[in-house]
Each structure stands twice: as C-alpha cells, then as structure tokens.
Amino acid sequence: MNAAVSTQPVLNSEEQKLVVELLERELRELPAEIHHTRTASFRDELRRRMGVVEQLLARLRPGSPA
C-alpha cells in the first residue's frame with residue numbers, strides 16, 4: 001500500500017503574517033518583472049504566478065473566508 005497522504009500546514013498567527021507579507025511583496029514586484037520580460041512564454045508564466053499569489057492572499061489575509 002503506497003497511498004500518498006496530503007496534509008494541510010497549520011500556521012500560527014506569526015507565521016501567517018509572515019507568509020502574507022512575503023506574498024504581498026511578490027505581488028508588488030511581479031508587474032515590473034512582467035513588464036521587463038522579453039519572452040512571451042515567461043511573461044505568461046509570471047502572469048499565472050501572479051494569479052496564484054492573488055488567490056493565496058485572498059485565502060490567507062485575516063478576515064478572509066477559508
């Protein structure tokens with residue numbers, strides 16, 4: 001039996017605050033990276049990344065529904 005077990009990380013409030021701060025920084029920096037990227041495929045990858053960051057922030061910010 002080789003069943004993969006998926007677990008969700010449990011963050012305390014300090015850890016959650018740090019993760020939110022890091023994601024917010026990433027979200028601020030991505031538009032400049034996207035603008036300066038010459039390769040269309042990498043630009044698309046950065047846009048997808050930005051979408052994931054936005055989704056994570058929506059879930060992690062205090063007061064957001066889980």
Side-chain angles (χ1 to χ4, degrees):
M1 286 194 193
N2 193 6
V5 177
S6 176
T7 60
Q8 294 290 331
V10 177
L11 304 176
N12 66 35
S13 61
E14 183 179 0
E15 293 167 335
Q16 182 172 346
K17 182 180 176 187
L18 176 59
V19 171
V20 167
E21 288 175 12
L22 293 171
L23 289 169
E24 286 172 340
R25 182 182 311 154
E26 179 75 359
L27 192 59
R28 285 191 306 271
E29 293 174 0
L30 275 169
E33 285 188 52
I34 291 168
H35 178 73
H36 291 106
T37 299
R38 295 181 183 164
T39 308
S41 62
F42 188 59
R43 194 170 25 255
D44 291 341
E45 184 177 325
L46 290 174
R47 286 184 181 126
R48 281 191 294 277
R49 180 182 180 95
M50 194 158 98
V52 171
V53 169
E54 290 169 337
Q55 290 171 0
L56 282 169
L57 276 171
R59 290 175 32 201
L60 292 172
R61 280 188 176 127
S64 297

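Computed over heavy atoms, backbone and side chain alike; hydrogens, waters and symmetry mates excluded. Note that the numbering runs from 1 along the sequence shown for the chain.
With contacts defined as side-chain heavy-atom distances shorter than 4.5 Å, the pair Leu30/Glu26 qualifies. A heavy-atom distance below 4.5 Å is not found between the side chains of Arg43 and Leu46. Counting only heavy atoms from C-beta outward, the side chains of Arg25 and Glu21 never approach each other to under 4.5 Å.
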Any chance you could lay out the side-chain contact (heavy atoms from CB on, under 4.5 Å) test for Glu33 and Met50, step after step, and finish with the verdict? CA-CA 11 Å; Glu33 285 188 52; Met50 194 158 98; over 6 Å; no
Would you please test Arg48 and Val52 for side-chain contact (heavy atoms from CB on, under 4.5 Å) and show each step? CA-CA 6 Å; Arg48 281 191 294 277; Val52 171; 5.7 Å; no
What's the verdict on side-chain contact (heavy atoms from CB on, under 4.5 Å) for Glu14 and Lys17, showing C-alpha distance, side-chain angles and the deciding distance? CA-CA 5 Å; Glu14 183 179 0; Lys17 182 180 176 187; 5.7 Å; no
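With rounding to the nearest 0.5 Å, the separation of CD1 in Ile34 from CD in Glu45 is 11.0 Å. If you take CG on Asp44 and CZ on Arg49, they are separated by 15.0 Å, rounding to the nearest 0.5 Å. Note: Leu22 CG to Leu60 CG = 11.0 Å, rounded to the nearest 0.5 Å.
When hydrophobic clusters are built by joining Ile, Leu, Val, Met, Phe, Trp and Tyr residues whose side-chain heavy atoms come closer than 4.5 Å, directly or via intermediates, Leu23 is grouped together with Leu11.
Taking both residues in full, the closest heavy atoms of Ala32 and His36 are given as O-ND1, 2.8 Å, listed atom of the first, atom of the second, then distance. Considering all non-hydrogen atoms of both residues, Leu57 and Glu24 come closest at CD2-CG, 3.8 Å.
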